[in-house]
2 protein chains.
Amino acid sequence: MGYISSVASIERILNGLESADAHDDLQAFSERLCTDLGISHVVYHWVSGSGDQYGCGTYPASWVARYVEKGYLRVDPVVQGCYQRFHPVNWKQLDWSSRAARAFLADAVAHGVGNQGFSIPIRGPNGQFALFTINHSCDDNHWEMFTTESRRDLILLAHFFNDKALQLQPGRKPRDATPLSPREVDALTFLAVGYNRAQVADALSISEHTLRVYIESARHKLGAMNTTHAVAKALQRGIIVV
Amino acid sequence: MGYISSVASIERILNGLESADAHDDLQAFSERLCTDLGISHVVYHWVSGSGDQYGCGTYPASWVARYVEKGYLRVDPVVQGCYQRFHPVNWKQLDWSSRAARAFLADAVAHGVGNQGFSIPIRGPNGQFALFTINHSCDDNHWEMFTTESRRDLILLAHFFNDKALQLQPGRKPRDATPLSPREVDALTFLAVGYNRAQVADALSISEHTLRVYIESARHKLGAMNTTHAVAKALQRGIIVV
DNA sequence: CTGACCCTCGCAGGAAATGGGGAGGGAACT
DNA sequence: AGTTCCCTCCCCATTTCCTGCGAGGGTCAG
């Protein structure tokens, strides 16, 4: 195991990433990275859409299968912990006190996962949440030194990896819909902060009847089934920012 | 104007950032960075789902005031554009075709903002969305070369800046929210895709009465005033992903 | 084993949102 | 000059949602 700076320059690694143009390339890149860094595993995974997700990495297939089968997503302290954080985290810093968490870790190790990990949370548009993790088996001191030293490079790496994975995602919608009018945006914005129609109408200084026209119009433009749906769509598309 | 690598090492800059321990330090850091890079402005600001926001940077106060007064947040192609993207963006790549956008840009320039900009979107926990922007006045070629060359350093810088800003945020409720139960998440998820209560109940194979309990419970946990608000909050906090 | 929390089900009245109609004035783009 | 879109206002009937009440069984951690 060696620091990135001493094994391969971050420049060369990132350039290798740039040339990836298929998901297979990302997988190959993970494996190569693993070797280059001399660590056990590199894993990237994201959850975004309803069932829309993607993952690649060097974890044994048996572990991945077990993870899904057991529903470990709801137990995994790495996921739970990173979800609340902005900065990368060393697994040792997480909360492993619960019974379920310890059982989970034991199961992971039994399936060939190393006891040390360093996970970088990454968030993208539309609520995308990804984790870029490196994993190894060694003592705490070594791992601490390695991650401290390589932290910045790893962040950059995770960032570019995610960028690439997003680009390669097929389900990219171009920019179809009719844009909302300013008043429609106003209406949805106030609705999104919890106002009811009377309050929104008051805030916008218009009659509630007029307001309703906006809401309906926005609903139709967004292809939404009801107001809640319209607000949700507007939020996801970044049409309204609250 | 010089590339980061040629003016000051990214290491030194980041270390300067590390030592910041108050918002004033971030402000001072922005100003220093401006000088170091030889550019007109450095700006950082964020908006989060909880309505709280923070900003600092070197834009003239008159421009910031005007921005707020005019409600430019809804017009600004930088904000609108970055919200949809993961990677940093050069202002020139954005869509300035609308009249409002051009008027906005003209107004900005009139207030001392440079015509060139490079903005990095950053997303944090709980739907935090921040923008780190550098701004200058020069021709397209120079700017293109500068941003291309400094891109990686700027990303890292933006990332650490945001990390610092998050740490310094006073209103950081560490673990304010009671987490939602799985069923509550399920309920909100289906509501967010437009189902009404009957449909959600059906999808979850539970009675509508039971479903109602979840929705109410989720509403209370999220501090939401109604279902739409609850869904909006859940989306912004990344509790549900559709 | 005792809370604490989750999942499940029920009733009923009142409040709010929705759907579908119509109508006039103004700004903008062709 | 005409079309298209936006803003504004109004009525009515129906559907849906919110509020407040109550109840039993399950799981998990201290």
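Just so we're clear, the structure is a prediction, and the values are computed from it rather than from any experiment. In what follows, every chain begins at residue 1, and chains take the letters A, B, ... in the order their sequences are listed.
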S.K.: Do Trp46(A) and Phe86(B) have ring centroids that are under 6.0 Å from one another?
M.R.: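 No, the ring centres sit 6.0 Å or more apart.
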S.K.: Check whether any side-chain N or O of Ser181(B) sits under 4.0 Å from OP1 or OP2 of dC7(C), and answer yes or no.
M.R.: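 For dC7(C), OP1/OP2 do have a side-chain N/O of Ser181(B) under 4.0 Å.
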S.K.: Mind checking whether Tyr54(A) and His23(A) have ring centres under 6.0 Å apart?
M.R.: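 Ring centres of His23(A) and Tyr54(A) closer than 6.0 Å.
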S.K.: Return the minimal non-hydrogen interatomic distance between Lys221(A) and Glu184(A), and the atom names on each side.
M.R.: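 Smallest interatomic distance, heavy atoms only, reads NZ-OE1, 2.9 Å.
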S.K.: Between dC7(D) atom C1' and Arg183(A) atom CZ, what is the distance in whole Å?
M.R.: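 Computing the Arg183(A):CZ to dC7(D):C1' distance gives 8 Å.
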S.K.: Whole angstroms only, please: what is the CG-P distance between Asp202(A) and dC9(D)?
M.R.: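 Going from CG in Asp202(A) over to P in dC9(D) covers 12 Å.
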S.K.: Aromatic rings Trp63(A) and Tyr67(A): how do their planes relate, parallel, tilted or perpendicular, breaks at 30° and 60°?
M.R.: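 The arrangement is perpendicular - the two ring planes meet at more than 60°.
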S.K.: In whole angstrom, what separates His220(B)'s NE2 from dC5(C)'s P?
M.R.: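 Whole-Å distance recorded here is 15 Å.
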S.K.: Could you give the CE-to-P distance, from Met225(B) to dT19(D), as a whole number of Å?
M.R.: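 About 10 Å, once rounded to whole Å.
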S.K.: Near DNA chain D, under 4.0 Å by heavy atom, which residues of residues 209-216 of chain A?
M.R.: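 Under 4.0 Å from DNA chain D: His209(A), Thr210(A), Arg212(A), Val213(A), Tyr214(A).
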S.K.: Would you say that Arg85(A) contacts Leu94(A) through its side chain, given a criterion of any heavy-atom pair below 4.5 Å between the two side chains?
M.R.: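 Yes - at least one pair of side-chain heavy atoms lies under 4.5 Å apart.
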S.K.: Please state whether the phosphate of dC17(D), meaning OP1 or OP2, lies under 4.0 angstrom from any side-chain nitrogen or oxygen of Arg197(B).
M.R.: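 Answer is yes, contact under 4.0 Å.
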S.K.: Could you tell me the separation between the CD atom of Glu184(A) and the C1' atom of dT8(D), rounded to a whole number of Å?
M.R.: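 Answer to the nearest Å: 13 Å.
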S.K.: Starting from the 5' end of DNA chain C, give me the residue, Glu208(A) or Leu204(B), whose nearest nucleotide shows up first.
M.R.: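 Its nearest nucleotide being more 5', the pick is Leu204(B).
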S.K.: Report yes if at least one side-chain N or O of Ser207(B) is closer than 4.0 Å to OP1 or OP2 of dG10(C); otherwise report no.
M.R.: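 So the side-chain polar atoms of Ser207(B) do come within 4.0 Å of the phosphate oxygens OP1 or OP2 of dG10(C), strictly under.
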S.K.: Starting at atom CG of Asn226(B), determine the distance to atom P of dA16(C), rounded to an integer number of angstrom.
M.R.: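 Going from Asn226(B) (CG) to dA16(C) (P), I get 11 Å.
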S.K.: Scan for side-chain hydrogen bond (donor to acceptor under 3.5 Å, both in side chains) pairs involving residues 195-212 of chain B, sequence neighbours excluded, and state none if there are none.
M.R.: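 Qualifying pairs, neighbours excluded: Ser207(B)-Thr210(B).
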S.K.: Rounded to whole Å, please give me the gap between CG in Asp186(B) and P in dC7(C).
M.R.: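 That distance rounds to 8 Å.
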S.K.: Classify Ser217(B) by what it touches in the nucleic acid, base, sugar-phosphate, or nothing, heavy-atom distance under 4.0 Å.
M.R.: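 Nothing, no heavy atom under 4.0 Å.
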S.K.: Heavy-atom nearest nucleotide on DNA chain C for Leu180(B) versus Ile206(B): which residue maps closer to 5'?
M.R.: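 Nearest-nucleotide comparison on DNA chain C picks Leu180(B).
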S.K.: Looking at every non-hydrogen atom in both residues, tell me the closest pair between Cys138(A) and His142(A) and how far apart they are.
M.R.: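 Smallest interatomic distance, heavy atoms only, reads SG-CB, 4.2 Å.
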S.K.: With a 4.0 Å limit, can you tell me whether Lys221(B) has a side-chain N or O closer than that to the phosphate oxygens OP1/OP2 of dC5(C)?
M.R.: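 Result: no.
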S.K.: Do any side-chain nitrogens or oxygens of Arg219(B) fall under 4.0 Å of OP1 or OP2 in dC17(D)?
M.R.: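 It does not, given that no N or O in the side chain of Arg219(B) lies less than 4.0 Å from OP1 or OP2 of dC17(D).
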S.K.: Could you tell me how far apart Asp95(A) (CG) and dA29(D) (C1') are, to the nearest whole angstrom?
M.R.: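 Distance, rounded to whole Å: 13 Å.
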